[in-house]
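Read through the structure below, which is laid out as C-alpha cells, and then see the notes.
First the proteins, then the strands, lettered A, B, ... as listed; each starts at 1.
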2 protein chains.
Amino acid sequence: MVDALGTSIALHRLPEVLTAEPARLRALAHLLRFRREQDIYVQEERTDTWYRVVSGSACKYLMSTDGRRQLVDIYLPGDLFGFTARLHHRFAVQAVTDGTLIACYPRHRVEALAEEDAETALEIRIQIVEALERLQEQLLVTTTMTAQEKVREFLFYFHRRLSVATGHGLALPISRYDIADMLGISAETVCRAFRDLQERGVISLQGPRSIRINRM
Amino acid sequence: MVDALGTSIALHRLPEVLTAEPARLRALAHLLRFRREQDIYVQEERTDTWYRVVSGSACKYLMSTDGRRQLVDIYLPGDLFGFTARLHHRFAVQAVTDGTLIACYPRHRVEALAEEDAETALEIRIQIVEALERLQEQLLVTTTMTAQEKVREFLFYFHRRLSVATGHGLALPISRYDIADMLGISAETVCRAFRDLQERGVISLQGPRSIRINRM
DNA sequence: CGATTGATTGAATCGTTTCAAGTACCGTGG
DNA sequence: CCACGGTACTTGAAACGATTCAATCAATCG
C-alpha cells in the first residue's frame, strides 16, 4: 500500500518555516526528504500523520480510473497538510520538486497539544482555513475562466507566493502537465496559452521553465 | 453595505441541529430567519460572526464584474460557515430556501470558548475540514466531468445529504440557474442534462423540482 | 388578466480536446 | 565526443461539447 517513505534527515540550522511555528509544535516534527513524484502519502492510507512543507513543493491529487490525474492543491513552504475528518485519505500527496523537505507530525500528539495549547490550535485552524480559501480561489478559476485566463491566473498566483525576488523572473518548479492537471485543461492547451500570453506581451519566456511577468 | 438582516426569532423546541452541538457553544447562538436570496453576509463585510444552518439551505457565492454568479459551496442543516483567515469576507452567503433558519455566533466569543473548551475547538476544526472536503469534491466534479456527469453527481450528492427519506423522491430546493452557477455550466446545459438523464432512465421527473433517483 | 420568472428546446458559434507529428533538451553509453 | 533514447514541450487540423442567442411553454403573482 505505502511507498518507501522519504529519507530521514537532520539539519544544522532550522529553516525559517520551522522557526516560525510554535515551539511546542516544532518539537513534535521529524524531517523527511522526497524525490520528484515520490508519494508523501497515498490514497486510502491511514490519516495518522500531519505534514508541513519546509522547502520545495508538493501537490494533492486524485488518480481517476481512466488514468487521468487531477490536482486539487499545491503546497508551498509553510503550508500544513494531511488533516481530514476521515480515517483514511481520499487523496494522495506527492513531491513536485526534487528534494522537497517535509516536516512530519504524529497526528494524535498534535491534536493532544492543540487541546491544551491555544496557540497551536489557532495555528492549525488558520492553516486549514487557508487551505479552504486556496481551494475556493481555485474553484473560481477553474469554473469561470477561459484557458488563457486560467494559465495567467496560475502564473500570477505562483509568482505572488514564490516571489523571493529574482527580479521579476520566475523559475517554474512544475511541468506543463502538472499545470494542466491543476487547471483541468489539457497540456496542449497550456502550451498554447503560454504562447498567446507571450504574444500579447503579458509574459516573456526564456526557455520553457523560466518566465518573466511583464504586467498584470 | 449590509442588507437588512433576517428576522430575529425564538423557538419553543430546539431543532435537532442545535441540540447536537456542544452546550456551551449553543449558549452563544441567536437565531435569524431569512427569505429566499436574502443575504446572510455580503462581500467585504467584517468577519465578526460565525453561522450555522439550522433548517433550509444557503449558498456561498461570488458575483463577478460581468454579472455572472459563481457558487462555491452549498450549506445544509448542521453546516457551520463564516470563518475565514481574513478581516473581511471574500464571498457572500445568501439563503437559497425561503425561511432558512440560521444560528449566529459572535466570533470573538466562539474563539474564546474554543481556547478553553477542547470539545468546541474540535467541533469547529471538524466543520472547517468538512467544508474543505466538500470543496475538494466539487473541484473534482467541475474540472473532470462532462456536463451530464456533473448534474448527475450533483443530484446524487443532494439526495445523499437530504435523504430524510421521502421514498426515493427528492424535492429540489434549488433552481436550474443555481445548479448551473454551482457547476460552472449554463442553465440551458443543465436542462439538457436533466432531459438526457431522464431519457437514459437514471432519474424520473415529476415536474421540474420533483425528482426520483432510479439508479446509480 | 397580463406580466414575470423559471424551464425547455433548437441552431449557430466558439473554445477546448484529441490525435498526430515534430522539435528541443538532457543524460547515458559506445 | 557524438549518437541514441527518453522526456518535456510545441504546433496544426479535425472533432466534439458547451455556450449563446432566440423562441416557446408553464407556472405563479399582483
Whole-Å gap separating P (D/dA27) and CG (B/L205): 14 Å
- request: Rounded off to whole Å, could you give me the CG-to-P distance for the A/D178 and D/dT7 pair?
  value: 15 Å
message: To the closest 0.5 Å, what do you measure between CD (A/Q206) and CZ (A/R212)?
response: 5.5 Å
- line: Between A/M145 and A/E188, whichever has its closest DNA chain C nucleotide further toward 5' is A/M145
task: Name the nucleic acid region contacted by B/R195, choosing base, sugar-phosphate or nothing; use a 4.0 angstrom heavy-atom cut-off, strictly under.
output: sugar-phosphate
Nucleotide range of DNA chain C lying under 4.0 Å from chain B heavy atoms: C/dG6 to C/dA11
- prompt: Between the side chain of B/Q198 and the main-chain N/O of B/R195, is any donor-acceptor distance below 3.5 Å?
  reply: no
- request: Establish, with yes or no, whether the OP1 or OP2 oxygen of D/dT20 is under 4.0 angstrom from a side-chain nitrogen or oxygen of B/R192.
  value: no
message: Could you check whether B/E130 pairs with B/R125 (Lys NZ or Arg NE/NH1/NH2 to Asp/Glu carboxylate O, under 4.0 Å)?
response: no
query: Distance check: side-chain N/O of B/S186 vs OP1/OP2 of D/dA18, anything under 4.0 Å?
result: no
- line: Picking from D/dA18, D/dC9, D/dT20, the nucleotide nearest the side-chain atoms of B/R68 would be D/dT20
query: Hey, does the Lys NZ or Arg CZ of B/R107 hover above the aromatic six-ring of B/F83, less than 6.0 Å from the centre and inside 45° of the axis?
result: no
query: So what does A/S175 hit on the nucleic acid, given a heavy-atom distance under 4.0 Å: a base, only sugar-phosphate, or nothing?
result: sugar-phosphate
task: Could you check how far CG of B/D66 sits from P of D/dT20, rounded to whole Å?
output: 10 Å
message: Mind checking if A/F194 touches a base, just sugar-phosphate, or nothing, with heavy atoms under 4.0 Å?
response: nothing
- request: Starting at atom CD1 of A/I185, determine the distance to atom C1' of D/dA18, rounded to an integer number of angstrom.
  value: 16 Å
query: Charged N to carboxylate O under 4.0 angstrom, B/R52 versus B/E21?
result: yes
field: Lys/Arg N to Asp/Glu carboxylate O, A/E188 vs A/R176, below 4.0 Å
entry: no
Rounded interatomic separation in angstrom, taking CD from A/E37 and C1' from D/dT7: 11 Å
Rounded distance (Å) that lies between atom C1' of D/dG12 and atom CG of A/D196: 14 Å
- request: To the nearest Å, give me how far apart CZ (B/R176) and C1' (D/dC25) are.
  value: 14 Å
task: Give one of base, sugar-phosphate or nothing for B/G207, where a contact means two heavy atoms less than 4.0 Å apart.
output: nothing
- prompt: Does B/R69 pair with B/D181 as a salt bridge, N-O distance under 4.0 Å?
  reply: yes
